[in-house]
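Below is one structure, written out as structure tokens; the observations come after it.
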Amino acid sequence: MKPRSIAQLFESPIADAAKYERLRQQEDPRVRYVIAITPRSGSSHLCDVIKTSKYLGRPGEMLSREFIPNILKSVPARTPDEYFAHVFRALQANAAGGISGIKCSWFQFREFRQAMAAPEAMDDLRYIYLTRRDLTAQAVSLYRATETKVFHTNIEHSAEALAQLEVLPYSYERIRYWREHIAQQEAGWQQYFVDKKIFPLHLHYEDIEADAAAVVHRLATYIGRPRASREVAPEESVFRKLGNRTSVEWTARFNLEHDAQLRAAQAAQAAVAAPAAAAAGAPLSPAAPRTAR
């Protein structure tokens, strides 16, 4: 049965008391960072490259209600607040001046924060905000992934799943749904940063695709440890882009259809407003400015 809340995940007794005690007594890493993501923004690829550096920690998706029950087996904790501290201790790099990071979506972050007794502990971290410049392409990618369950190239997918990816039909409504879903997450992160006066490093999916090593160096410099990006090996990453010609065509098609719908809605609004404006004696459109002669 899927837990109804984050708090319910911590109702079971600690399975490994010795490991729990070690984590409880361990000091926090000197540098802790959060990669604030939106879905299909390249976070899995980025985190995989980060791990090859051996000095920047092993960032993972640690605040997902779906993943926490399994994570608790290796990172035991009694409360959400304790868990939040323990995951950074467990994931830190094996180097002096420990560095540790996690990644999470806005919805995961918001739900976990609401379960904490002292959520202000989340505010005193370094934030890396990861988005995608092409929001429609991101929505197309998310639609294809959620419909077929083909999310990443780091696992071997069944022939049936790959075949489904090839025959998946275009859907304006589903792509629009996921586009709005992503936009909501972006708005959530941005409002949180404004409210807490947090100034994150803003990274983009497209830059990771172009030069992942350079992006990791920017991240390391931002957190105050530029030398930590040494020995990064992006070529060792198992993550590859899943998008293809179909993705490009669907992105272009959606943009054209979306623009057409916006124009139609604006025309309909103007048609409704016109009779009222005429009755009031107002001009239907702004008058052209007079020119001096």
Side-chain angles (χ1 to χ4, degrees), residues 6 10 16 19-37 41-64 67-68 70-106 108-109 112-113 115-116 118-130 189 192-193 196 198-203 208 212-213 215-234 236-237 239:
I6 293 292
F10 296 89
D16 190 332
K19 184 176 290 186
Y20 167 79
E21 194 58 31
R22 284 196 301 272
L23 283 170
R24 194 180 69 82
Q25 295 184 16
Q26 188 176 330
E27 292 186 2
D28 288 328
R30 294 186 183 179
V31 179
R32 296 180 297 166
Y33 64 88
V34 175
I35 303 177
I37 72 167
S41 60
S43 64
S44 296
H45 184 191
L46 176 61
C47 290
D48 198 43
V49 175
I50 287 172
K51 292 172 188 176
T52 68
S53 75
K54 301 179 178 63
Y55 298 98
L56 288 168
R58 296 172 287 117
E61 195 169 349
M62 311 303 285
L63 303 188
S64 166
F67 300 156
I68 289 174
N70 192 51
I71 297 171
L72 281 170
K73 297 174 184 176
S74 57
V75 187
R78 298 185 187 277
T79 67
D81 298 65
E82 204 171 54
Y83 173 84
F84 190 71
H86 285 189
V87 291
F88 283 102
R89 296 170 188 173
L91 295 176
Q92 67 181 312
N94 295 320
I99 301 172
S100 186
I102 65 171
K103 74 169 186 175
C104 57
S105 73
W106 167 249
Q108 292 169 352
F109 180 87
F112 197 91
R113 183 181 177 85
M116 293 179 70
E120 60 274 11
M122 288 181 149
D123 304 338
D124 190 27
L125 304 171
R126 299 292 182 92
Y127 281 84
I128 293 90
Y129 181 39
L130 180 60
W189 279 123
Y192 171 71
F193 296 146
K196 301 301 177 182
I198 292 170
F199 306 100
L201 172 66
H202 195 173
L203 300 178
I208 298 169
V215 170
V216 173
H217 182 68
R218 285 181 61 197
L219 185 154
T221 302
Y222 171 75
I223 65 173
R225 299 292 191 276
R227 295 183 61 191
S229 63
R230 63 189 183 275
E231 299 181 18
V232 65
E236 294 181 9
S237 174
F239 289 88

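Bear in mind the structure is a predicted one, so any value in this text is a computation, not a measurement.
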Response to the item:
In this structure, NZ of Lys51 is separated from CG of Leu56 (nearest 0.5 Å) by 12.5 Å

Worksheet item: Yes or no on side chain to side chain contact (heavy atoms under 4.5 Å, CB included) for Ser44 and Lys103, after CA distance, side-chain angles and deciding distance?
Response: CA-CA 9 Å; Ser44 296; Lys103 74 169 186 175; 3.3 Å; yes

Item to complete: Say whether, by atom type as modelled, one donor and one acceptor occur between the side chain of Tyr83 and the main chain of Met62 under 3.5 angstrom.
Response: yes

Worksheet item: Can you check whether Tyr55 reaches Arg225 side chain to side chain, under 4.5 Å on heavy atoms?
Response: no

Worksheet item: Centres of the Tyr222 and Tyr33 rings: under 6.0 Å?
Response: no

Discussion item. Working to the nearest 0.5 angstrom, can you tell me the gap between Ser229 OG and Arg218 CZ?
Written reply: 12.5 Å

Item to complete: Measure centre to centre between the rings of Phe193 and Tyr129, then say whether the value is under 6.0 Å.
Response: yes

Practice prompt. Spell out, as yes or no, whether a donor-acceptor pair under 3.5 Å connects the side chain of Arg89 to the backbone of Leu23.
Written response: yes

Worksheet item: Do NZ/NE/NH1/NH2 and the carboxylate oxygens of Asp123 and Arg113 come within less than 4.0 Å?
Response: yes

Worksheet item: Counting only N and O atoms by type, is there a donor-acceptor contact under 3.5 Å from the side chain of Gln108 to the main-chain atoms of Leu63?
Response: no

Discussion item. Apply side chain to side chain contact (heavy atoms under 4.5 Å, CB included) to residues Arg78 and Tyr20 and explain how you reach the verdict.
Written reply: CA-CA 9 Å; Arg78 298 185 187 277; Tyr20 167 79; 3.4 Å; yes

Worksheet item: Which value, rounded to the nearest 0.5 Å, describes the distance between Ile50 atom CD1 and Leu219 atom CG?
Response: 5.0 Å

Worksheet entry | Stepwise side chain to side chain contact (heavy atoms under 4.5 Å, CB included) check, Ile208 with Leu203 | CA-CA 8 Å; Ile208 298 169; Leu203 300 178; 5.6 Å; no

Worksheet item: Would the number of heavy atoms belonging to other residues, nucleotides or ligands and lying under 6.0 Å from CD of Gln25 be above 12?
Response: yes

Worksheet item: Aromatic rings Trp189 and Phe109: how do their planes relate, parallel, tilted or perpendicular, breaks at 30° and 60°?
Response: tilted

Worksheet item: Is a side-chain donor or acceptor of Thr221 paired with a backbone partner of His217 at a separation under 3.5 angstrom?
Response: yes

Worksheet item: Say you draw a straight line from CE of Met122 to CG of Asp81; how long is it, rounded to the nearest 0.5 Å?
Response: 9.0 Å

Fill in: side chain to side chain contact (heavy atoms under 4.5 Å, CB included) between Ile99 and Ile223, worked out
CA-CA 9 Å; Ile99 301 172; Ile223 65 173; 3.8 Å; yes

Discussion item. Within this structure, what is the OG-CG distance for the pair Ser105 and Leu130, rounded to the nearest 0.5 Å?
Written reply: 12.0 Å

Fill in: Distance, nearest 0.5 Å, that separates NE2 of His86 from CD1 of Ile71
14.0 Å

Worksheet item: For the residue pair Phe10 and Phe112, does the interplanar ring angle fall in the parallel (under 30°), tilted (30 to 60°) or perpendicular (over 60°) class?
Response: perpendicular

